[in-house]
> 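Pasting a structure below so you can have a look.
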Amino acid sequence: MAEGNKIFGENKNWDRKLEKNTAERLNSLRWDFSPYSEKKIFSIDTPPPYTSGRPWHLGAAAQYSKIDGIARSQRMLGKEVLFPIGMDRNGIPVERYAEKKHGIRMRDTPREKFIELCRESLDELEKEMFEILKSFAYSADFDRVYRTDSEDYRKLTQSTFIEMWKNGRITRGTRPSNYCIDCGTTIADAEIEYKEMETDLIYFYFKIKDSGQKILVASTRPELLGACSAILVNPSDERFKDVINKTAITPLYNKEVKIIPHGYAKTDFGSGAVMICSYGDYNDIMIIKELQLTENIVIDTDGKMNENAGEKLKGLKIKDARKEIIDMLKEGGYVEKIEKIQHRTPICDRSKTPIEIIPLDEYYLKVTDIKDKLEELANELKIIPEQHRQILINWLKVSADWPISRRRYYGTEIPLWYCKNCKEPYVPEEGKYYQPWKEKPPQGAVCAKCGSSEFIGDDRTFDTWMDSSVSALYVTKYLSDKNFYEKTYPLSLRTQGIDIIRTWLNYSILRCYQLTGKLPWEKVWIDGMGLDEHGEKMSKSKGNGIDPTIVIEKYGADAFRFWAASEALPGSNFLFSESRLQGSSKFLTKLWNVARLINQFGNYEDFDETLLNESDKWIISYTEKLTEECRNSYEELNSFIPANKVREFIWNVFAPHYIELVKARAYGEGFSENEKKSAVYTLNYVLKRLLLLMAPITPFITQTLWEELYGGESIHYQKMPEAKKYDGNILLLGDKIMEFDSGIWNAKKEGKMSLREAIKAVVPPELKPFEKDLRGMHNISD
RNA sequence: GGGCCUAUGGUCUAGUGGUUAUGACGUCUGCCUUACACGCAGAAGGCCGGGAGUUCGAAUCUCCCUGGGCCCACCA
């Protein structure tokens, strides 16, 4: 206590320096989870943050601080809380990061070496992320961090894949992929750049079958004419009303294609009629899928035209084929005109070559046949806030089978081999981590079809969402501990951002349902986005990301956490604002000074509550009502309400009215010993309660004040008190007290009196029980 | 371009059919009142984005428009 007084004496403001004094004790608190606890289990599936070159900006840190508030409040509400922390470490972002950092290209680097470089980067980046999390006292189980690229985790991803394979949930199909002809590989969306390039827009005619009519089509990709499977015109376009739904004949190829009315065709571009080819661009993919048109591929992976393009074009490179076919169209008299246009072209970010869309053989996870069931599950799930359910439902409605294989290096390997003789896939047993690109299949592997024992490993990896979509299974020990799994699955809660509903939420439900037949959680808590001060999403490309460490160093972690909790209701977007953050920091200083004052008076813990003064009964009733509101909100995973209610109470009621009302009594000036004790007891009663109510949101200041004033076990091991019965009538009288105070203050102000000066005033009859305190507070004379 | 969400004093936010619309930050005025000047007290500031409708009555419900956000797709 003596030391405590010293801390109070020297520090009039709460700041980062004081937080750092407490940080070590705060971060060393442990909450070991036991599935056998008698307490109610509350298990949380938290997002494993992506460990990549992507900066961990303030919006993300704010979200994690709110999630931590949920875990802390649930502990204080008496639950046994499973609060794991994972690191998502698979996939393209880290590959790109390593490429940039070392100035290398993934496919020019030996795979083994490249993986090693990725892992080094991940370890460095991960360290920084742990530091950030600990800087604001994230209270997850850091002793058991999981990593999605660990052998154990990848084993789970692979085992669940094998299980699904055996259940017939995996299919093969071709998928239009980005392909760079110069690099000779598929490229990821992240590796695509867009560049304005000048291109020829060719206007040429198709004949209409069984009539003398023609239709004029404009295309930048005439070499795909052989792949044309439909012509689209806008249904409202008067120019085409005579030919809609008729059949056109492709020039040169003489194939029949339908003229289909579709909103995708814009009346003001080109001729208004667009030909759909497999595949000119991504819209073609959408349209071909939507209208169930047949694809006809005319370009091979070497960038040359194939036999489907016809004798004259076969073997030509795309550019040459385009020239050739334009000449052929001209010769045939089909061409109306050629326009030069600026065209935003997708190009490979390395070779700067325009990308081609070419179908490749990929694995899919079946979705379409269980869409209805998934929608039913999505409706059963409790979603906070409710309004975000629609986003999930909308995606479920349009979801197709999920392509899960990727031609990348740093990811969980697809655990398959293929028979050298007959190409039949060989699937190993679950329960082991496999690396088919460098390992032989398990000993004794024999092809089920032809009996051969020679195999080639699949060198692809999974889409990263294949890993993260089973986080709910990993943290509940689906594979490794049956008892644990049964006690913890389904989990109580999934927490995540609104931006990954289509991916993480959607795929997790899909995968976990397919494997367990159940929803993975009871509730999902979906937070909004942290936006910059202009309301735009923080991102590396925009350069508007704000570094949370700088903000935390400047204003303190609790100010940051309090700001995050109090700024917006869960689910709403929140804009970064330095001045509001400052406001939070001022509030904490206010609380600090309230505690400094109360600390001076000591405490009388054994005071008999039946002897309480009326003013004290008033503020205690107020406190109980506040407790009720806060507890209810915490039960509903909402810290916005507690943060704001507590701030309003402290700043608008407790400090200006109650404390001023009883200050003289607490000092013992002109009051009996019992009256003094009653005030001091109540001041501590309320402060203690406020600290408990705020502990989940602001762990540093509450830990510090609790240590200084009340000692004993950490505040974070305490239970959130239940609200006692309170007197509604006295609360109404309290409002009158506050009105009376304002009246006096106004009168003194108008009379240019100092607040200490004596004033003549009449205390209204209903405030008689408070008269002595009021007279002391305002220095009222007769 | 498509889907969804959203719009409250200078800035942010509560409120979700019914008397004078909540609070914070900022602004202005006056105060160092033995916890706090990162404070105290007081004040100004809002046709609740625009338009139409439902209703006895709308910030609150419906439709349209406009701005913003998220995800998806990116113009033959």
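Keep in mind that the numbers below use all heavy atoms, side chains included, and drop hydrogens, waters and symmetry copies. Residue numbering restarts at 1 for every chain, and letters A, B, ... go by the order of the sequence lines.
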> Regarding A/Ser754, tell me which of base, sugar-phosphate or nothing describes its non-hydrogen contacts under 4.0 Å with the strands shown.
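Nothing, no heavy atom under 4.0 Å.
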> Mind checking if A/Asn652 touches a base, just sugar-phosphate, or nothing, with heavy atoms under 4.0 Å?
sugar-phosphate
> Any side-chain N or O of A/Arg502 below 4.0 angstrom from OP1/OP2 of B/rC72?
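Answer is yes, contact under 4.0 Å.
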> Can you check the A/Gln600 CD to B/rU34 P distance for me, whole Å?
12 Å
> Does NZ in A/Lys214 sit with more than 12 non-hydrogen atoms of other residues, nucleotides or ligands closer than 6.0 Å?
no
> For the residue pair A/Phe576 and A/Trp563, categorise the inter-ring angle as parallel (less than 30°), tilted (30 to 60°) or perpendicular (more than 60°).
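It falls in the perpendicular class, over 60°.
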> What does A/Thr503 touch in the nucleic acid at a heavy-atom separation under 4.0 angstrom: a base, only the sugar-phosphate, or nothing?
nothing
> In terms of the nearest nucleotide of RNA chain B, which residue is placed more toward the 5' end: A/Leu201 or A/Gln390?
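Whichever sits nearer the 5' end wins; that is A/Gln390.
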> Give one of base, sugar-phosphate or nothing for A/Ala595, where a contact means two heavy atoms less than 4.0 Å apart.
nothing
> Quick one about A/Glu636 and A/Asn632 (side-chain donor to acceptor, distance below 3.5 Å, no hydrogens or angles considered), yes or no?
no
> Considering only side-chain heavy atoms of A/Ile498, which listed nucleotide, B/rU22, B/rC70, B/rG42, is closest?
B/rC70
> Using a strict cut-off of less than 4.0 Å between a Lys/Arg side-chain nitrogen and an Asp/Glu carboxylate oxygen, indicate whether A/Glu223 and A/Arg221 qualify as a salt bridge.
yes
> From CG of A/Asn644 over to C1' of B/rG15, roughly how many Å is that when rounded to an integer?
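Spelled out: CG on A/Asn644 to C1' on B/rG15 is 13 Å.
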> Please tell me which of the listed nucleotides, B/rC72, B/rG39, B/rA41, lies nearest to the side chain of A/Trp395?
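Of B/rC72, B/rG39, B/rA41, B/rC72 is nearest to the side chain of A/Trp395.
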> Distance check, C1' atoms only: B/rG9 and B/rC5, in whole angstrom units.
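The answer is 25 Å between these two C1' atoms.
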> When you measure from the centre of the six-membered ring of A/Phe671, is the NZ or CZ of A/Lys676 under 6.0 Å away and within 45° of the axis?
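Geometry flag: not set, cation outside 6.0 Å or 45°.
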> For A/Lys663, answer base if it contacts any base atom (sugar-phosphate contacts may also be present), sugar-phosphate if it contacts only those atoms, and nothing otherwise; contact means non-hydrogen atoms under 4.0 Å.
base
> Provide the distance between the two C1' atoms, one in B/rA7 and one in B/rG46, to the nearest whole Å.
15 Å
> So, is A/Ser572 near the phosphate of B/rU13, with a side-chain N or O under 4.0 Å from OP1 or OP2?
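No, no such contact exists.
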> Assuming nearest nucleotide by heavy-atom distance, tell me which of A/Trp745 and A/Leu755 is located more 5' along RNA chain B.
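By nearest-heavy-atom nucleotide position, the 5'-most residue is A/Leu755.
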> Can a side chain N or O of A/Trp592 be found less than 4.0 Å away from OP1 or OP2 on B/rC38?
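No.
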> If you measure from the P atom in B/rG2 to the same atom in B/rC56, how many Å do you get, rounded?
38 Å
> How about OH on A/Tyr622, more than 12 heavy atoms from neighbouring residues, nucleotides or ligands closer than 6.0 Å, or not?
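No.
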> Grab the stems for RNA chain B, please: at least three consecutive Watson-Crick or wobble pairs, both distances below 3.5 Å, written as range with range.
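The stems that RNA chain B takes part in, listed by first number, are B:1-7 with B:66-72, B:10-12 with B:23-25, B:27-31 with B:39-43, B:49-53 with B:61-65.
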> State which of B/rC71, B/rG39, B/rC38 makes the closest approach to the side chain of A/Asn13.
B/rC38
> Nearest-Å distance, CD1 (A/Ile780) to P (B/rU33)?
20 Å
> Base, sugar-phosphate or nothing for A/Thr589? Non-hydrogen atoms, less than 4.0 Å.
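Touches a base.
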> Under 4.0 Å between any heavy atoms, over every strand shown, what does A/Trp14 touch: base, sugar-phosphate, or nothing? Just pick one.
nothing
> To the side chain of A/Lys749, which of B/rC72, B/rA41, B/rC70 is closest?
B/rA41
> Would a distance-only check, ignoring hydrogens and angles, find a side-chain to backbone donor-acceptor pair under 3.5 Å from A/Asp527 to A/Gln496?
no
> B/rC36 base to A/Lys590 side chain: any donor-acceptor pair below 3.5 Å?
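Answer is yes: a donor-acceptor pair is held.
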> What nucleotide among B/rG39, B/rG69, B/rU11 has an atom nearest to a side-chain atom of A/Arg580?
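Selected nucleotide (nearest to the side chain): B/rU11.
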> Of all the nucleotides listed (B/rC12, B/rC70, B/rC5), which has the minimum atom distance to the side chain of A/Glu567?
B/rC12
> What's the CG-P distance between A/Asp15 and B/rC38, to the nearest Å?
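Result: 13 Å.
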> How many whole angstroms separate atom CD1 of A/Ile501 from atom P of B/rC71?
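Roughly 11 Å, once rounded to whole Å.
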> Assign the ring pair A/Tyr681 / A/Tyr685 to parallel, tilted or perpendicular, where the plane angle (0 to 90°) is split at 30° and 60°.
tilted
> Using a heavy-atom cut-off of under 4.0 Å over every strand shown, decide if A/Glu750 touches base, sugar-phosphate, or nothing.
nothing
> Select base, sugar-phosphate, or nothing to describe what A/Gly272 touches, counting heavy atoms under 4.0 Å on all strands.
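Base, at least one base atom sits under 4.0 Å.
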> Using whole Å, what does the distance between atom P of nucleotide B/rC5 and atom CD of A/Gln387 come to?
9 Å
> Within the side chain of A/Thr589, is there an N or O that forms a donor-acceptor pair under 3.5 Å with the backbone of A/Trp14?
yes
> In whole angstrom, give me the gap between the P atoms of B/rU54 and B/rU13.
32 Å
> Rounding to a whole Å, what distance do you find between A/Phe576:CZ and B/rC25:P?
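It works out to 17 Å between those atoms.
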> Of the candidate nucleotides B/rG39, B/rU33, B/rC36, which contains the atom at the shortest distance from the side chain of A/Arg756?
B/rU33
> Any donor-acceptor pair under 3.5 Å linking the side chain of A/Tyr205 with the backbone of A/Pro251?
no
> Using atom P in both nucleotides, what's the gap between B/rC32 and B/rU6 to the nearest angstrom?
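Result for the P pair: 50 Å, nearest Å.
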> A/Asn394 has a side chain; which of B/rU33, B/rC12, B/rC4 sits nearest to it?
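Among B/rU33, B/rC12, B/rC4, the one nearest the side chain of A/Asn394 is B/rC4.
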> When rounded to the nearest Å, what value does the distance between C1' atoms of B/rG30 and B/rA14 take?
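Result for the C1' pair: 30 Å, nearest Å.
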> Output the single nucleotide from B/rC75, B/rC40, B/rG15 whose closest atom is nearest the side chain of A/Leu569.
B/rG15
> Please tell me which of the listed nucleotides, B/rU13, B/rA37, B/rG42, lies nearest to the side chain of A/Lys12?
B/rA37
> Using the C1' atom as the point on both nucleotides, what is the distance between B/rG26 and B/rA44, in whole Å?
13 Å
> Rounding to the closest angstrom, what is the interatomic distance between B/rC12 and B/rC47 at atom P?
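Between the two P atoms, the distance is 15 Å.
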> Output the rounded distance in Å from NZ (A/Lys752) to P (B/rA41).
18 Å
> May I ask you to evaluate whether A/Lys554 reaches the phosphate of B/rC38, defined as a side-chain N or O under 4.0 Å from OP1 or OP2?
no
> Checking all strands, does A/Phe640 fall into the base, sugar-phosphate, or nothing category for heavy-atom contacts under 4.0 angstrom?
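The answer is sugar-phosphate, as A/Phe640 gets under 4.0 Å only of primed atoms, P, OP1 or OP2.
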> Testing the basics here: between A/Ile759 and A/His778, what is the closest heavy-atom pair and its distance to 0.1 Å?
CG2-O, 3.9 Å
